[in-house]
Amino acid sequence: MGVLGFLMFRYPQAWAKMNARLSHKELHEFDSPKQLASTRRLGILLLILAAFSLLSLLATNVLVPLK
């Protein structure tokens, strides 16, 4: 999830090109400034979710150590 979020945040134009290729649509449907900004925001959200899941995993390992 963290890698996907990083790619969406750092390379929104490449993400738009990939979506256009996979959906067999024109690139202009995916690379508008509004769509690129939305992709970056979604990437930030995925990075935050990945950080929270990593922190919860670490907290669980501290509170409930493996025997």
Q: Consider only side-chain heavy atoms of I, L, V, M, F, W and Y, link residues closer than 4.5 Å, and tell whether Met18 and Met8 are in one cluster.
A: yes

Q: Each residue besides Leu54 in its hydrophobic cluster should be listed here, by chain and number; the cluster joins Ile, Leu, Val, Met, Phe, Trp and Tyr at side-chain heavy-atom distances under 4.5 Å.
A: Leu58

Compile the donor-acceptor pairs under 3.5 Å between side chains in residues 28-50 and protein atoms, sequence neighbours left out, one pair per line.
{"from": "Ser32", "atom 1": "OG", "to": "Gln35", "atom 2": "N", "distance (Å)": "3.2"}
{"from": "Thr39", "atom 1": "OG1", "to": "Gln35", "atom 2": "O", "distance (Å)": "2.9"}

Q: Treat each ILVMFWY residue as a node, draw an edge where side-chain heavy atoms are under 4.5 Å apart, and state whether Phe52 and Phe9 are in one component.
A: yes

Q) Cluster question for you: counting only ILVMFWY and a side-chain heavy-atom cut-off of under 4.5 Å, with indirect links fine, are Leu4 and Leu7 together? A) no

